[in-house]
Amino acid sequence: MDLVGGPSTGRVLEVTGWSGEELAEDALLITDRGLYRTGGRALFGPVKADPEGPFLWIGDTP
């Protein structure tokens, strides 16, 4: 799944084996590239109109 926006834009999230329910929820990913650097997390969520489309960046959290 492509990640769009925020610290992980252009990266791909491996979602092989994820259920449809998991793909419909937000994903909190560990990143060292966001606002909080090492140990921070970036929240990405699916585009509701395109469940097979990219995950869009929602924001960063410590």
Only pairs under 3.5 Å count here: list side-chain donor-acceptor contacts from residues 6-15, not counting sequence neighbours, and write none if there are none.
residue: Thr9; atom: OG1; partner: Gly5; partner atom: N; Å: 3.0
residue: Glu14; atom: OE2; partner: Thr16; partner atom: N; Å: 3.0
residue: Glu14; atom: OE2; partner: Thr16; partner atom: OG1; Å: 2.1

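- The minimum heavy-atom distance linking Leu23 with Trp18 is given by the pair CD2-CE3, 3.7 Å.
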Contacts under 3.5 angstrom, residues 27-48 side chains, donor-acceptor by atom type, not counting sequence neighbours:
residue: Thr31; atom: OG1; partner: Arg33; partner atom: N; Å: 3.0
residue: Arg41; atom: NH1; partner: Gly39; partner atom: O; Å: 2.5
residue: Lys48; atom: NZ; partner: Ala24; partner atom: O; Å: 3.4

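- Under the rule for a side-chain hydrogen bond (donor to acceptor under 3.5 Å, both in side chains), Glu52 has no partner lying at least two apart in sequence or in another chain.
- Not a single donor-acceptor pair under 3.5 Å links the side chain of Glu25 to the backbone N or O of Glu22.
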